[in-house]
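Please read these numbers as outputs of a predicted model, since none were measured by experiment.
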Amino acid sequence: MGYKTVAKELGIDHSMVRRWVKHYEQEGIEGLEEKRGKAKGPGKGRPRTRPEDPETKIKRLEAEVEMLKKLLKM
């Protein structure tokens, strides 16, 4: 069966089937295991958010305080 035939039967894009075959050829059955969220140890994986520099954080917090003060006066 070709990539497109398999993809059509599964209701997915043929590029996904091609990717699975490539992973299987490179790593065997382990290449098909879910890898998202498996990075371990310090410095592994992508950080969830970019750290905020101190000046930007102070400005943001000051703006939040002002907004809260205005809301409390209402």
Trainee: Does Leu32 share a hydrophobic cluster with Met1, counting links as ILVMFWY side-chain heavy atoms below 4.5 Å and allowing steps through other members?
Mentor: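 Cluster IDs for Leu32 and Met1 match.
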Trainee: Glu55: what forms a salt bridge (Lys or Arg N to Asp or Glu O under 4.0 Å) with it, not counting sequence neighbours?
Mentor: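 Partners of Glu55 by the salt bridge (Lys or Arg N to Asp or Glu O under 4.0 Å) criterion come out as none, since no residue qualifies.
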Trainee: Verify the neighbour count for atom CD of Gln26: are there more than 12 heavy atoms of other residues, nucleotides or ligands below 6.0 Å?
Mentor: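 Yes.
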Trainee: Any chance you could measure Lys59, atom NZ, to Asp53, atom CG, to the nearest 0.5 Å?
Mentor: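 Interatomic distance, Lys59 NZ to Asp53 CG, rounded to 0.5 Å: 8.5 Å.
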Trainee: Partners of Arg60 by salt bridge (Lys or Arg N to Asp or Glu O under 4.0 Å), sequence neighbours excluded?
Mentor: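 Arg60 satisfies salt bridge (Lys or Arg N to Asp or Glu O under 4.0 Å) with Glu52, Glu64 once adjacent residues are dropped.
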Trainee: What pairs of donor and acceptor atoms, side-chain ones from residues 3-24 against any protein atom, are under 3.5 angstrom apart with sequence neighbours left out?
Mentor:
unit_1 : atom_1 : unit_2 : atom_2 : d
Asp13  : OD2    : Ser15  : N      : 3.1
Asp13  : OD2    : Ser15  : OG     : 2.5

